[in-house]
Asks: 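Please read through the structure below; I'll follow up with questions.
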Amino acid sequence: MILAITLNPAIDKAYFINGVQLGKAHRPEKAIDSAGGKGLNVARAAVQLGSSVVASGFLGGSNGSCIRKMIKAAGIEDAFVEIEGQTRICINITDMQTQQCTEVLERGPVIAKEEAEAFLYRYGQLLEQADVVTISGSLPEGLESSFYAELAAMGTARGKRVLLDTSGAALAEGIKAKPYLVKPNMDELAVLYPDLDRSLEGGIEAVQRLKRLGIELPVVTMGRKGAVAGLSDGIYKVMAPPVEAVNSVGSGDAFIAGCAVSLDRGMDEKSLARHAAACGSANAQSPQTGHVEAGIAASFFSETAIQKIADYE
Ligand code: TA6
């Protein structure tokens with residue numbers, strides 16, 4: 001079973017507009033609501049790929065109730081902790097003429113101390129049944145930046161593979177707990193390692209550093225340039241087939257879902273890396289955020305290349 005953690009979930013509202021113009025009123029060609037926040041995108045994609053998933057984090061208010069209905073309909077088991085605050089809304093505006101995505105991400109509710117404690121207790125219980133744990137997205141206000149490190153340490157101490165996908169101080173702190181996998185994209189990497197450039201060499205150096213810090217499977221995703229993964233016998237570049245993106249938002253989350261499902265199925269690490277990259281590309285084929293058609297992922301998997309590009313120093 002995959003335990004998917006989303007401490008700052010959201011109702012994701014995806015708008016598709018034919019020619020976005022600031023300062024103008026727009027009536028979207030299409031509007032799609034989904035249960036979002038990175039971890040719920042991971043959870044939905046993992047269920048679509050055939051895994052059983054329990055999702056937990058914080059949900060509150062009318063938005064929280066709406067998300068509970070959505071995740072039930074998506075076949076995700078709801079183990080969220082109810083809070084006083086109102087769960088947020090995140091907006092993704094895709095310009096249908098340029099394919100450019102603009103996101104507006106609310107900060108979300110402030111978590112009270114007793115709510116954080118209630119979650120930690122629930123999380124400890126859920127860990128017993130989990131094989132793989134994904135921890136994704138921003139930390140809500142009220143939680144220390146070391147909160148993910150605490151969750152990762154609890155999971156690792158119980159022999160679980162913990163996949164951490166976050167950014168900023170939460171990522172820097174989380175790495176100290178040595179989760180099994182971290183997956184910064186180039187923007188997140190620029191904050192973590194500002195001295196590195198956005199080249200393939202920069203990605204390789206980042207993987208080298210993360211491996212030395214004890215991350216078993218460090219991955220750097222580089223958009224159309226693919227991903228750089230630190231496997232046990234060296235550093236590999238993974239390249240899914242080039243696709244025309246319909247909605248690329250959530251592709252990083254689908255990548256994590258591919259990793260979690262591969263671990264859940266006991267796939268070898270090269271297959272895991274290829275499967276994850278294929279899932280990320282499959283997500284971009286859907287107008288929905290965090291959505292993977294298993295058939296498309298399987299087709300992309302067979303066309304996803306992996307090659308060794310460096311040894312560990
Ligand atoms: O990666 C896409 C996405 O999960 C959107 O669905 C939206 O919920 C946003 O990211 C949330 O990001 P955050 O880092 O604030 O958790």
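Both counts, for ligands and for their atoms, begin at 1 and track the order of listing. Owing to the predicted nature of the structure, the values given are computational and were not obtained by experimental measurement.
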Asks: Please write down residue, atom name and distance for the protein heavy atom closest to atom 1 (O) of ligand 1.
Replies: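 Looking only at protein heavy atoms, the one closest to atom 1 (O) of ligand 1 is Asp253 OD2, 3.0 Å.
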Asks: Could you state the interatomic distance from OG (Ser52) to CD1 (Ile76), rounded to the nearest 0.5 Å?
Replies: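 Taking OG in Ser52 and CD1 in Ile76, the distance rounds to 11.5 Å.
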Asks: Look at atom 4 (O) of ligand 1 and say which protein heavy atom is nearest, naming residue and atom and giving the distance to 0.1 Å.
Replies: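 Looking only at protein heavy atoms, the one closest to atom 4 (O) of ligand 1 is Asn41 ND2, 3.0 Å.
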Asks: Show which side-chain atoms of residues 230-249 pair as donor or acceptor with protein atoms under 3.5 Å away, not counting sequence neighbours.
Replies:
unit_1: Ser232; atom_1: OG; unit_2: Glu269; atom_2: OE2; d: 2.5
unit_1: Asp233; atom_1: OD1; unit_2: Tyr236; atom_2: OH; d: 3.1
unit_1: Asp233; atom_1: OD2; unit_2: Tyr236; atom_2: OH; d: 2.8
unit_1: Tyr236; atom_1: OH; unit_2: Lys270; atom_2: NZ; d: 3.4
unit_1: Asn247; atom_1: OD1; unit_2: Asn92; atom_2: ND2; d: 3.3
unit_1: Asn247; atom_1: OD1; unit_2: Val249; atom_2: N; d: 3.0
unit_1: Asn247; atom_1: ND2; unit_2: Pro287; atom_2: O; d: 2.8
unit_1: Asn247; atom_1: ND2; unit_2: Thr289; atom_2: OG1; d: 3.3

Asks: Looking only at atom types and distance, does a side-chain atom of Asn185 sit under 3.5 Å from a main-chain N or O of Thr221, one as donor and one as acceptor?
Replies: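 Side chain of Asn185 to backbone of Thr221, a donor-acceptor pair under 3.5 Å: no, none is there.
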Asks: Counting heavy atoms not belonging to Glu303, are there more than 12 under 6.0 Å from its CD?
Replies: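 Count over threshold, so yes.
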Asks: Students should be able to answer this: which protein heavy-atom is nearest to atom 5 (C) of ligand 1, and at what distance?
Replies: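 Atom 5 (C) of ligand 1 sits closest to the protein heavy atom Asp12 OD2, 3.3 Å.
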Asks: Should the heavy atoms of other residues, nucleotides or ligands under 6.0 Å from CD of Glu84 be counted, would the total exceed 12?
Replies: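 Not buried by this count: 12 neighbours or fewer within 6.0 Å.
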Asks: So, Phe80 versus Phe58, ring centres under 6.0 angstrom or not?
Replies: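 So the answer is no for these two rings.
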Asks: Can you find a pair of side-chain heavy atoms, one from Ile93 and one from Ile17, that are under 4.5 Å apart?
Replies: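 Yes. Closest side-chain heavy atoms under 4.5 Å.
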Asks: Specify the protein heavy atom at minimum distance from atom 11 (C) of ligand 1: its residue, its atom name, and the distance to 0.1 Å.
Replies: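 Sorting protein heavy atoms by distance from atom 11 (C) of ligand 1 puts Arg88 NH2, 3.5 Å first.
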Asks: May I ask you to decide whether Glu82 forms a salt bridge with Arg68, counting only side-chain N to carboxylate O separations under 4.0 Å?
Replies: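 A salt bridge is present here (some side-chain N lies under 4.0 Å from a carboxylate O).
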Asks: For Glu106, is the nearest heavy atom under 4.0 Å from an atom of ligand 1?
Replies: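 The answer is no, since Glu106 has no heavy atom less than 4.0 Å from ligand 1.
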Asks: With heavy-atom distances below 4.0 Å as the criterion, list the atoms of ligand 1 near Val249.
Replies: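 Close to Val249: 2 (C).
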Asks: Which atoms of ligand 1 have any heavy atom of Leu105 under 4.0 Å away?
Replies: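 Taking each heavy atom of Leu105 in turn, ligand 1 has 9 (C) under 4.0 Å.
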Asks: Around atom 12 (O) of ligand 1, find the nearest protein heavy atom and jot down its residue, atom name and distance.
Replies: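 Protein heavy atom with the smallest distance to atom 12 (O) of ligand 1: Lys38 NZ, 3.0 Å.
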Asks: Show me which atoms of ligand 1 lie under 4.0 Å from any heavy atom of Thr289.
Replies: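 Atoms satisfying the 4.0 Å criterion: 6 (O).
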Asks: Report yes if Ser138 has an N/O atom closer than 3.5 Å to an N/O atom of ligand 1; otherwise report no.
Replies: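 Yes; at least one N/O pair falls below 3.5 Å.
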Asks: Is it true that Gly252 lies under 4.0 Å from ligand 1, counting heavy atoms only?
Replies: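 No, Gly252 has no heavy atoms under 4.0 Å from ligand 1.
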Asks: Under 4.0 Å from a heavy atom of Gly137: give me the atoms of ligand 1 that qualify, with their elements.
Replies: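 Near Gly137, the atoms of ligand 1 are 16 (O).
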